[in-house]
Amino acid sequence: MSRKDKSKKNDKMPWYGDGLRFECTQCGACCSGEPGHVWVDDTEIEAMALEMGLEVAAFERKFVRDVGEAKSLIEYPDGDCIMLDPRTRKCTVYASRPIQCRTWPFWDSNLKKKKHWKETCEVCPGAGTGRLYSLEEIEAARQEKSV
Ligand code: SF4
Ligand code: SF4
C-alpha cells in the first residue's frame with residue numbers, strides 16, 4: 001500500500017481509532033440522577049424477568065412503563081432506576097441489563113468528538129480507565145443500539 005493510500009485510510013479513522021479505556025466501578029452514577037429513560041424491548045424484558053424469577057407480565061406491571069409506542073424501565077421519584085438497589089447502589093439485573101446499559105459508555109452521543117468523551121469521563125468514573133477496548137469492540141457496541 002502506498003503512503004498516499006495509507007493516509008487516506010487514516011483520514012477515515014475515527015478519533016478513537018486506537019481504542020478507549022473503560023472499566024465499570026459499579027458506582028451506580030449512570031443509573032440515577034436526572035429523570036430519563038432506560039428503553040427496553042420484549043426480549044430485554046423477558047431476560048430481566050427470567051433473572052428475577054418473575055413472570056414477564058408481572059415484571060412489566062411492576063417495573064415497566066409505556067412511553068408512546070416504546071417501553072422504559074420505571075424510576076424511583078429521585079431518578080434512580082427501579083433496578084438499582086438503593087442500598088448497595090448496584091444493578092439487580094446486571095447479567096441481563098438492557099443493551100442501552102451494556103453498551104454504555106460507547107454511545108454515539110459520547111463518541112462524536114473528543115470533548116464529548118471527556119464529558120463522559122467526568123460523569124462516569126470508569127470511562128477513560130481500565131481495560132482498553134479496541135476500535136472494533138467500540139464500533140460493535142456503538143452500532144448495537146444508537147442512543
Ligand atoms: S457511571 Fe460509569 S463507573 Fe459508574 S456505574 Fe455507570 S458505567 Fe459504571
Ligand atoms: S437496568 Fe441496571 S444498569 Fe441499567 S440503568 Fe437500571 S440499574 Fe442501571
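One-based numbering, in listed order, for ligands and for the atoms of each.
At least one donor-acceptor pair closer than 3.5 Å links the side chain of E75 to the backbone N or O of G36. The backbone N or O of Y94 sits less than 3.5 Å from a side-chain atom of R97, completing a donor-acceptor pair. Panel note: side chain E23, backbone R131; a donor-acceptor pair is recorded below 3.5 Å. A donor-acceptor pair under 3.5 Å is formed between the side chain of R21 and the backbone N or O of G130. The main-chain N or O of P105 is never found under 3.5 Å from a side-chain atom of W117 such that the two would form a donor-acceptor pair.
With contacts defined as side-chain heavy-atom distances shorter than 4.5 Å, the pair M83/V38 does not qualify.
Around atom 8 (Fe) of ligand 1, protein N, O or S atoms at a distance under 2.8 Å total 1; waters are neither shown nor counted. Counting only protein N, O or S atoms, 1 lie closer than 2.8 Å to atom 6 (Fe) of ligand 2.
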Exercise. Under the side-chain contact (heavy atoms from CB on, under 4.5 Å) rule, what do T120 and W104 come out as? Steps first, then yes or no, please.
Key: CA-CA 10 Å; T120 304; W104 171 270; 3.8 Å; yes
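For the side chain to side chain donor-acceptor pair (under 3.5 Å) test, residues two or more places apart in sequence or in another chain that qualify with D42 are K71. The side chain to side chain donor-acceptor pair (under 3.5 Å) check on R65 picks up nothing, with sequence neighbours excluded.
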